[in-house]
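For reference, the structure discussed in these notes is given below.
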Amino acid sequence: MKQFVVRRAIKAAQTDSIIGYELLFEQSGENLYGDSENAAADTISGFLMNNSGKIFKGKMIFLTFTPALLLRNTPKIFQKDKVIIQVSDGLIIHPLAMPIIEKYHKEGYRFAINDFQFSPRYFSMLEYADYIRLRMKGDLNQKEQNSMENVINMAQGFGKKCIITDVDTKEEYEKALAMGADYVEGNYIAETLYVKADKIDYMQGNFFQLIVAVSKEEPDVAEIEEIISRDAGLSYSLLKLVNSAYFALRRRTASIQQAVMTMGINQLRQWVYMLSLRNEESEGSDEILRLSFLRAKFAEQLIQKTDIKAITPSEAYMMGMFSTLGYMVDASIEEILAEIPISEDIKQALISGKGDVGKLLALIICYEKADWKNCQELAQVLNVQTAQLSQIYINCVEEVSSVWESLTGEYKRPGEAGMFQPEAPSGDKIEDALQ
């Protein structure tokens, strides 16, 4: 049975701060929660048991739990301050809803109410909730907008934070801000996380590692290449420079390895030291760079599951890495790509989405947007087994998270608790869960 899982960032409305991620599940193109309660519980709990340590690093996770998941004590996989239990209508109408919620609330878990409505059954849950989640509708009329504003004002009056989800366009984002949302989630969020600039930006941790690498008495070229290759900003800056008139290469290059060798260590050091004159980055820019790295790894792995021969896995990596440059440079994608000699197939994929390479990029973007219907259609066209998509994505998230943790994470001191608790024992009975 085909199963998909993806995480989506939740951003503070007035800043670039990412407070956490919502985890979304789908199965066979349908919402998993629409299936039988036990089937959904089996799928989600199985995934969490096997992958919790891979996909969640440092941020809060927002997850809709079925009654069966709550009765199995599944939230106890997480530390209480790292998980938000989302309450949907399926739980609210459950006969054991109140005892279940009261039990977890007393233990210190926090709640969010999905699609809050002005009705007694939702108000009965309000005292337990820290967050109210409201869904943005594309064709929101003035009456519906006023109704959402009333819910937000009411909730904030009770000290609750409001999250508006499905914010997929600039117009919807502006409406969410105008209505006073505390947080926003949706496909448009990536475009709000980065302030475009004339110069490219890059990740502070990567840059510091690069300084150390080039400053060694005998620098390791392979190490330098690896550091640059995982950062869209550094990759773009290096390729733009090495293909400039200064170096006057007879043949332009899109290879990081060749660019490093062309510059040589002395000139590479000068370039790195010049880049040190920069402003501090924001958490939003960090999130975009993380996204570019994840897309790169996902593309590199996915292309090996297809019949595409037009580009190599390393070129697919470059395509994924550069797919976010439109967020990072104040220029059109055509102008950006004119600076670097990537293949025509990649250019067309990034500019217009044409060809099989364009379909590969579209598959990656559809997956991260949780557009499962188009995911399955594109996977079928590219001859990718949809059953493999989720695990490839999770493995790529794990690798990216591991690198990011090493670059940005604080030193874990002895005695500090990790994010995840030991697994809860299976086979809990209802009476045990409600004690």
Side-chain angles (χ1 to χ4, degrees), residues 6-9 11 16 18 21 55 57 59 187-197 199-207 209-210 225-240 254-256 259 275 278 281-303 311 313-333 335-337 339-340 342 346-347 349-351 353 357-358 360-369 392-393 395-408:
V6 71
R7 65 182 193 180
R8 297 177 66 178
K11 169 188 169 298
D16 283 342
I18 304 299
Y21 296 91
I55 195 169
K57 299 269 186 179
K59 300 289 186 182
N187 298 342
Y188 181 72
I189 301 311
E191 299 181 36
T192 71
L193 291 177
Y194 207 98
V195 178
K196 293 185 180 182
K199 63 183 178 68
I200 197 70
D201 214 337
Y202 42 86
M203 186 179 177
Q204 190 80 38
N206 269 341
F207 183 64
Q209 284 199 353
L210 186 58
E225 178 191 349
E226 193 275 331
I227 293 170
I228 295 173
S229 294
R230 68 186 178 216
D231 191 303
L234 291 174
S235 298
Y236 176 73
S237 295
L238 176 63
L239 290 175
K240 182 178 178 181
S255 164
I256 299 299
L275 289 180
R278 62 186 295 276
E281 66 189 48
S282 67
E283 186 176 1
S285 65
D286 179 77
E287 189 67 23
I288 284 292
L289 291 169
R290 191 198 317 257
L291 175 64
S292 67
F293 191 15
L294 178 56
R295 285 186 182 179
K297 298 301 297 184
F298 203 14
E300 180 185 49
Q301 295 299 313
L302 276 183
I303 196 171
I311 62 173
S314 62
E315 288 177 311
Y317 180 100
M318 189 70 72
M319 176 186 69
M321 184 67 77
F322 285 172
S323 66
T324 61
L325 285 179
Y327 301 137
M328 301 166 70
V329 182
D330 192 16
S332 69
I333 190 67
E335 292 174 299
I336 294 169
L337 297 181
E339 303 281 358
I340 47 179
I342 58 177
I346 293 179
K347 281 188 178 180
L350 291 169
I351 293 171
V357 179
L360 177 68
L361 180 59
L363 173 59
I364 292 166
I365 294 174
C366 283
Y367 193 94
E368 71 185 32
K369 290 181 176 181
I392 293 172
Y393 174 81
N395 291 341
C396 291
V397 168
E398 178 186 21
E399 184 171 352
V400 171
S401 296
S402 178
V403 171
W404 246 246
E405 186 175 8
S406 68
L407 292 171
T408 62

Any side-chain heavy atom of [X] sitting closer than 4.5 Å to one from [Y]?
| X | Y | result |
| --- | --- | --- |
| Phe298 | Tyr317 | no |
| Phe293 | Met321 | yes |
| Ile365 | Arg295 | yes |

Going from [atom1] on [X] to [atom2] on [Y], what distance comes out if it is rounded to the nearest 0.5 angstrom?
| X | Y | atom1 | atom2 | value |
| --- | --- | --- | --- | --- |
| Ile311 | Leu360 | CD1 | CG | 6.5 Å |
| Thr324 | Leu350 | OG1 | CG | 10.0 Å |
| Leu302 | Ile392 | CG | CD1 | 5.0 Å |
| Leu239 | Ile228 | CG | CD1 | 9.0 Å |
| Ile227 | Ser235 | CD1 | OG | 11.5 Å |
| Met318 | Glu300 | CE | CD | 11.0 Å |

Seminar exercise, completed: When every non-hydrogen atom of Ser323 is compared with those of Gly320, the smallest separation belongs to OG-O, 2.7 Å
Exercise. Would you say the side-chain atoms of Ser229 pair up with the backbone N or O of Glu226, donor to acceptor, closer than 3.5 Å?
Worked result: no
Exercise. Can you list the steps and then say if Lys297 with Asn395 is a side chain to side chain contact (heavy atoms under 4.5 Å, CB included)?
Worked result: CA-CA 9 Å; Lys297 298 301 297 184; Asn395 291 341; over 6 Å; no
For this session: Report the C-alpha separation of Leu291 and Glu368 in whole Å, then their side-chain angles, then the decisive distance to 0.1 Å, and conclude whether the side chain to side chain contact (heavy atoms under 4.5 Å, CB included) test is met.
Result: CA-CA 10 Å; Leu291 175 64; Glu368 71 185 32; 3.4 Å; yes
For this session: Go through Tyr393 and Leu294 one step at a time and tell me if the side chain to side chain contact (heavy atoms under 4.5 Å, CB included) criterion holds.
Result: CA-CA 9 Å; Tyr393 174 81; Leu294 178 56; 4.1 Å; yes
